[in-house]
Structure formats: C-alpha cells, structure tokens
A.B. asks: 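Here it is: the structure, laid out below.
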2 protein chains.
Amino acid sequence: MELLSRRYAMQLICVVGAIGPARYGEIDGAFEDVSSSTLSSRLDDLVDAGYLSRTQYAEIPPRVEYDLTDDGDELCRRLQPLLEWAADREQ
Amino acid sequence: MELLSRRYAMQLICVVGAIGPARYGEIDGAFEDVSSSTLSSRLDDLVDAGYLSRTQYAEIPPRVEYDLTDDGDELCRRLQPLLEWAADREQ
DNA sequence: CGGTATCCAAAGTGATACTG
DNA sequence: CAGTATCACTTTGGATACCG
C-alpha cells in the first residue's frame, strides 16, 4: 500500500494495463506533467515490486517495453473501479 | 487521488465504513502506530473532501463521531477489493 | 476525550543537464 | 529512445507538549 500511495503509481498500473506492452515514451505521453526522473523511479518501484515486467531490446534506437505481470494484472483489475470514479469527479 | 495517496487515507475510509459511526478513539485504536497529529489532519482532509462527516456532541466527556458520507460510501466500496487484496499479501 | 501547536526530520518530487 | 545524476525544494509525517 505504501508503494501504491506514491505519486502516479496507481495510474501507471492502469495505463500500462490499457496500452498492453507499453514503451517508455508512450507511458510518458499518457501523463501531462511528470519528470523523467520521477517516472523512471516509479517504474522501477513497480518492477521491483513485481507488478510490472521490463523488457529491453538490443536495438538501435533502444526499445524498452513494460507490461503487467500476473500480479499487476490482478492489481489493475482491483484499481479499475477506483480510478474510473476518480476520473469522473475530476470535472 | 492525491488525497487518497496520503498516508492512512484509504484505510481510514474503510475503517470508518466497517465500524459505522466511529469515534476518534476507535479509529485511533484500529491503527498500530499513528500520531494524533497525523490522524487528526488526515481525518480533517477527508471531512473537507466530503468523504467523511464529523458530528460533535456537547457532552462531558466530549464525543465525536465520524461517518461515511454518500460519496465516502461509494469510495469505500471501490476501495474494498484493493484493500482486501493488499491485506492478503501482507504475509 | 478529542484533539491542536510547534518544531523538526525525512521522504518525495522536479528541473536541469547529461549518457549509452 | 530511454533513461541516470545531481541537487534544491516542497510536502509529509511524527514527537512532544499542551488545551477546551
């Protein structure tokens, strides 16, 4: 729960869940404002916690894909109702 | 979402939801460690946000009850699956 | 009983610049 | 493209003491 309380954490799970395998740039683009340092460390947190997987391809230009693990998928499902509701009340 | 990301916020909603009208002391007792200043300010946050109501009775000794508002109740329902799951993985 | 006031330490975040 | 390093800044939370 402490991890989920960090900024963008819950949203990140759902964004990755929605996009499917998601590249760093796509994730970055899904948020209005977030510095690369913050986004990076939050992604690391979620990978370390076992909610996201990170796959790096040895290509030029580099490509990295994040995806939900099974745990992450389960978490995403449980976050859905909360985030939907939160999004609605933004207005 | 920023509010919910503050420490104890999500748990507080569910604790109050579980106890029904809950007195300050009961809420305090539901947490292992939390300073009164922190708990107070978090309760205030949730009252201000419209998720909790606060009723103060002019008695001696003083009695204060917190309860979910309709919004808080809806929020509580949406938090349930998340917190249940989080509780399970504590082990 | 149910808090508030004050002060402080720690954590989180972002801007900027740079790298493989 | 996908980050990391550094550093300064802001926010948060906790300890302690006290109040209506």
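Bear in mind that the values here come from a model prediction, so they are computed numbers and not experimental data. Convention: sequence-line order gives letters A, B, ...; per-chain numbering from 1.
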A.B. asks: In whole angstroms, how far is the P atom of dG13(D) from the CZ atom of Phe31(B)?
C.D. replies: 12 Å
A.B. asks: Starting from P on dG3(D), measure out to CD on Glu26(A) and report it in whole angstrom.
C.D. replies: 12 Å
A.B. asks: Which whole-number value in Å describes the distance from Leu4(B) CG to dT12(D) P?
C.D. replies: 13 Å
A.B. asks: Rounding to a whole Å, what distance do you find between Asp33(A):CG and dT13(C):C1'?
C.D. replies: 12 Å
A.B. asks: Within residues 56-64 of chain A, which residues have any heavy atom lying less than 4.0 Å from an atom of DNA chain C?
C.D. replies: Pro62(A)
A.B. asks: Nearest whole angstrom, please: distance from the C1' of dG14(C) to the CD of Glu32(A).
C.D. replies: 16 Å
A.B. asks: Using modelled atom types only, decide if a donor and an acceptor are shared between the side chain of Ser53(A) and the backbone of Thr69(A) within a distance under 3.5 Å.
C.D. replies: no
A.B. asks: Which atom pair, heavy atoms only, marks the closest approach of Leu3(A) to Ala49(A)?
C.D. replies: CD2-CB, 3.3 Å
A.B. asks: Out of dG3(C), dC1(C), dA15(C), which nucleotide sits closest to the side chain of Ser35(A)?
C.D. replies: dA15(C)
A.B. asks: For the backbone of Pro81(A) and the side chain of Arg78(B), can you confirm whether one donor and one acceptor N or O come within less than 3.5 Å of each other?
C.D. replies: yes
A.B. asks: Identify which nucleotide among dA2(D), dG3(C), dG14(C) has an atom closest to any side-chain atom of Arg7(A), counting heavy atoms from C-beta outward.
C.D. replies: dG14(C)
A.B. asks: In residues 36-49 of chain B, which residues come under 4.0 Å of DNA chain C by heavy atom?
C.D. replies: Ser36(B), Ser37(B), Ser40(B), Asp44(B)
A.B. asks: Just so I know, are the side chains of Leu12(B) and Leu46(B) near enough to count as touching, which here means a heavy-atom distance under 4.5 Å?
C.D. replies: yes
A.B. asks: For Tyr8(B) and Phe31(B), I'd like to know if the aromatic rings sit close, meaning centre-to-centre distance below 6.0 Å.
C.D. replies: yes
A.B. asks: I want to verify a distance call: between dG3(D), dT12(D), dA2(D), whose nearest atom is closest to the Arg6(B) side chain?
C.D. replies: dT12(D)
A.B. asks: Indicate yes or no for a side-chain donor-acceptor contact from Ser41(B) to the backbone of Thr38(B) under 3.5 Å, with no hydrogens or angles considered.
C.D. replies: yes
A.B. asks: Separation of Asp28(B) atom CG from dG2(C) atom P, in whole Å?
C.D. replies: 10 Å
A.B. asks: Can you tell me if the side-chain N/O atoms of Tyr24(B) get under 4.0 Å from OP1 or OP2 in dT4(C)?
C.D. replies: no
A.B. asks: Under a 3.5 Å distance rule, please check whether Arg42(A) uses its side chain to pair with a backbone N or O of Arg7(A) as donor and acceptor.
C.D. replies: yes
A.B. asks: Given 3.5 Å as the limit, does a donor-acceptor pair link the side chain of Ser5(B) with the main chain of Arg6(A), or not?
C.D. replies: no
A.B. asks: When you measure from the side chain of Glu26(A) to the backbone N and O of Arg23(A), does any donor-acceptor pair fall under 3.5 Å?
C.D. replies: yes
A.B. asks: Atom CD1 of Ile27(A) to atom P of dC1(D): distance rounded to whole Å?
C.D. replies: 15 Å
